[in-house]
Chemist: 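The structure under discussion is supplied below as structure tokens; questions concerning it will follow.
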Amino acid sequence: MALPGTAGAAATSSASISGSVPANPRPILTLLASLFFMWGFITVINNTLLPHLRAVFDLSYTQTTLIESVWFIAYFFASLPSARLIERIGYQKAMVVGLGIMAVGALMMIPAARLPSYNVVLVALFVIASGITLLQVAANPYVAVVGPPETASSRLNLVQAFNSLGTTLAPLFGGYLILGRSASGTAVAGAAALSPAARLADAQSVQLPYLIVAIVLAVLAVVIARFPLPPMGTATSRVDKAARKGHSLWAHRNLVFGIPAIFIYLIAEIGVANLFINFVSQPEIGNLTHEQASHYLFVLWGGMMVGRLVGSFLMRTIPAETVLAFASIGAFVVMLVATFTTGHVAMWALVSVGLFHSIMFPTIFTLGIRGLGPLTEEGSGLLIMAIAGGALVIVQGWIADTYGLQMSFLLTAACELYVLFYAVWGAKVTERLPDPVVPAI
């Protein structure tokens with residue numbers, strides 16, 4: 001089943017958007033870039049929030065990673081309702097609603113901190129992630145059709161760069177306002193357990209940052225509600241059903257193996273990001289406080305931003321699947337180093353995986369829809385649904401509890417091998433269909 005309105009669902013002919021495209025889309029792109037920045041920023045705040053909550057609630061690694069699993073479960077459950085909501089109220093109102101849902105979820109973190117309650121935290125994060133899902137389903141295709149079709153790829157890359165900027169800056173924000181203002185965040189690994197009073201104080205330290213986030217989201221919702229965004233009409237509608245008749249998605253090897261590739265890659269990326277601070281804080285690795293470790297998480301996400309730029313340049317002359325293969329090999333090697341060594345060697349190995357992970361999602365996505373022709377929208381929808389793979393990070397949490405945090409990264413290494421398999425064999429196109437006239441993704 002397809003997801004009308006997802007990133008890959010911007011299938012449309014240039015004729016269908018005539019009269020809707022503004023003469024100067026720059027103000028619109030600037031505004032929409034702020035959405036990409038905010039959902040990247042809020043998503044990565046989780047990476048500093050998780051070690052904090054682990055200390056506050058005295059959680060196991062399994063319970064800690066369950067928090068992120070709930071986040072990605074929201075992607076799975078909210079995607080189709082989001083698409084239906086957009087069909088009913090339109091893109092602009094859907095963006096406003098998405099921001100409103102995120103603001104409500106952020107405000108829910110305040111009572112969750114005051115109680116404090118692990119269960120309320122899970123509900124609040126599910127609400128925030130549901131709002132982000134609605135934004136993603138609405139904003140991606142809108143960006144694709146808000147200008148000339150021949151420059152759609154350029155526009156999407158531009159706003160996605162702001163998403164990377166958000167993910168890069170979030171660890172500094174979370175490190176300063178959450179970890180830097182808590183006893184658990186400024187304590188060295190192995191320090192004495194927190195007293196009940198200290199746990200309560202630490203729990204309440206998340207109130208200010210999430211209040212700030214809620215205010216920013218509310219202001220952004222008002223701005224978008226009042227901004228004269230042009231209606232896209234049928235610009236983001238699906239390709240005519242007659243064009244898809246007689247074709248099967250499952251005849252396309254690159255899609256069939258691409259769906260699990262996205263799913264498995266998300267396990268690797270989210271597992272590294274969520275357990276990063278706990279890992280590098282260990283005495284035998286970096287011997288850092290959680291606040292200090294958050295600065296290295298900033299470097300990891302910054303490396304992903306740099307890697308996207310380098311990968312984009314390399315793919316101008318080198319086939320995408322070749323770049324993906326070398327990236328997967330590099331990621332596999334550094335994950336083995338992080339697993340079987342100690343000290344700064346292990347720490348920097350884990351930091352460097354961001355460079356190799358950077359190009360994986362967009363490259364797998366592009367290879368997965370290659371040659372689908374009129375089936376591109378359905379294939380894109382399935383690939384977007386596979387983002388729910390991030391929910392299985394709880395498996396790595398269980399491994400960390402059972403066999404040790406460092407050994408849990410063998411799961412990440414195994415994920416890299418599947419990506420290598422996909423790049424070498426799974427991504428080969430077995431049946432190429434003629435492409436409809438669509439904006440590039």
Side-chain angles (χ1 to χ4, degrees), residues 41-74 104-129 170-214 270-271 273-283 285-297 393-394 396-398 400-401 405 408:
F41 184 87
I42 294 173
T43 299
V44 175
I45 285 181
N46 284 358
N47 301 155
T48 54
L49 182 66
L50 296 191
H52 174 77
L53 295 177
R54 173 175 159 80
V56 167
F57 295 113
D58 193 23
L59 304 176
S60 67
Y61 285 116
T62 303
Q63 292 171 311
T64 304
T65 50
L66 175 61
I67 297 171
E68 192 73 348
S69 292
V70 167
W71 183 273
F72 282 93
I73 288 171
V104 169
L107 289 175
M108 289 176 63
M109 290 294 290
I110 296 176
R114 293 186 68 85
L115 290 172
S117 170
Y118 173 72
N119 291 330
V120 177
V121 167
L122 293 181
V123 173
L125 293 178
F126 182 89
V127 171
I128 296 172
L172 299 181
F173 176 86
Y176 177 73
L177 286 180
I178 297 177
L179 300 178
R181 298 169 58 247
S182 64
S184 61
T186 54
V188 296
L194 297 178
S195 66
R199 289 183 189 276
L200 179 60
D202 275 13
Q204 294 179 351
S205 68
V206 306
Q207 294 178 97
L208 176 61
Y210 275 94
L211 177 61
I212 293 172
V213 167
I270 302 307
N274 285 353
L275 297 175
F276 180 90
I277 289 178
N278 287 113
F279 177 77
V280 303
S281 298
Q282 295 181 113
I285 304 297
N287 195 29
L288 304 170
T289 67
H290 286 172
E291 179 191 14
Q292 292 168 333
S294 69
H295 299 158
Y296 290 91
L297 182 61
V393 68
I394 192 173
Q396 186 168 355
W398 176 84
D401 285 329
L405 177 56
S408 74

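Worth knowing before you read on, the calculation uses all heavy atoms, side chains too, and leaves out hydrogens, waters and symmetry mates.
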Chemist: State the CG-CD distance between L405 and Q282, to the nearest 0.5 angstrom.
Modeler: 5.0 Å
Chemist: Could you report the tightest heavy-atom contact between V280 and I285, atom names first, then the distance?
Modeler: CA-CG2, 3.9 Å
Chemist: Quick one: does I270's side chain get under 4.5 Å of W71's, heavy atoms only?
Modeler: no
Chemist: For A273 and L297, which heavy atoms make the closest approach, and how far apart are they?
Modeler: O-CD1, 4.2 Å
Chemist: Donor-acceptor check, side chain of D401 to backbone of T62, threshold 3.5 angstrom: yes or no?
Modeler: yes
Chemist: So, for A113 and V206, which heavy atoms are closest and what is the spacing to 0.1 Å?
Modeler: CB-CG2, 3.5 Å
Chemist: Under the side chain to side chain contact (heavy atoms under 4.5 Å, CB included) rule, what do S69 and V393 come out as? Steps first, then yes or no, please.
Modeler: CA-CA 6 Å; S69 292; V393 68; 3.8 Å; yes
Chemist: What verdict does the side chain to side chain contact (heavy atoms under 4.5 Å, CB included) test give for M109 and L211, after you've listed the backbone C-alpha separation in whole Å, the side-chain angles of each residue and the deciding distance to 0.1 Å?
Modeler: CA-CA 8 Å; M109 290 294 290; L211 177 61; over 6 Å; no
Chemist: Tell me if a side-chain donor or acceptor on Y118 pairs with a main-chain N or O of L59 at a distance below 3.5 Å.
Modeler: no
Chemist: Determine yes or no for a side-chain-to-main-chain donor-acceptor pair under 3.5 angstrom, with S294 supplying the side chain and E291 the backbone.
Modeler: yes
Chemist: When rounded to the nearest 0.5 angstrom, what is the spacing between CG in L122 and CG in L66?
Modeler: 5.5 Å
Chemist: Could you tell me the separation between the CZ atom of F279 and the CG atom of L288, rounded to the nearest 0.5 Å?
Modeler: 11.5 Å
Chemist: Going from CD1 on I128 to CD1 on I45, what distance comes out if it is rounded to the nearest 0.5 angstrom?
Modeler: 8.5 Å
Chemist: What pair of heavy atoms forms the shortest contact from S408 to A400, and how long is it?
Modeler: CB-N, 3.8 Å
Chemist: What's the shortest heavy-atom distance between T65 and G397, and which atoms?
Modeler: OG1-CA, 3.5 Å
Chemist: Distance from R54 atom CZ to L275 atom CG, nearest 0.5 Å?
Modeler: 9.0 Å
Chemist: Provide the closest heavy-atom pair for M108 versus V120 in the form atom of the first, atom of the second, distance.
Modeler: O-CG1, 4.1 Å
Chemist: Could you tell me which residues satisfy ring pair (Phe, Tyr, Trp, His ring centres under 6.0 Å) with F126, sequence neighbours excluded, listed by chain and number?
Modeler: none
Chemist: What distance separates T64 OG1 from Q396 CD, expressed to the nearest 0.5 Å?
Modeler: 12.0 Å
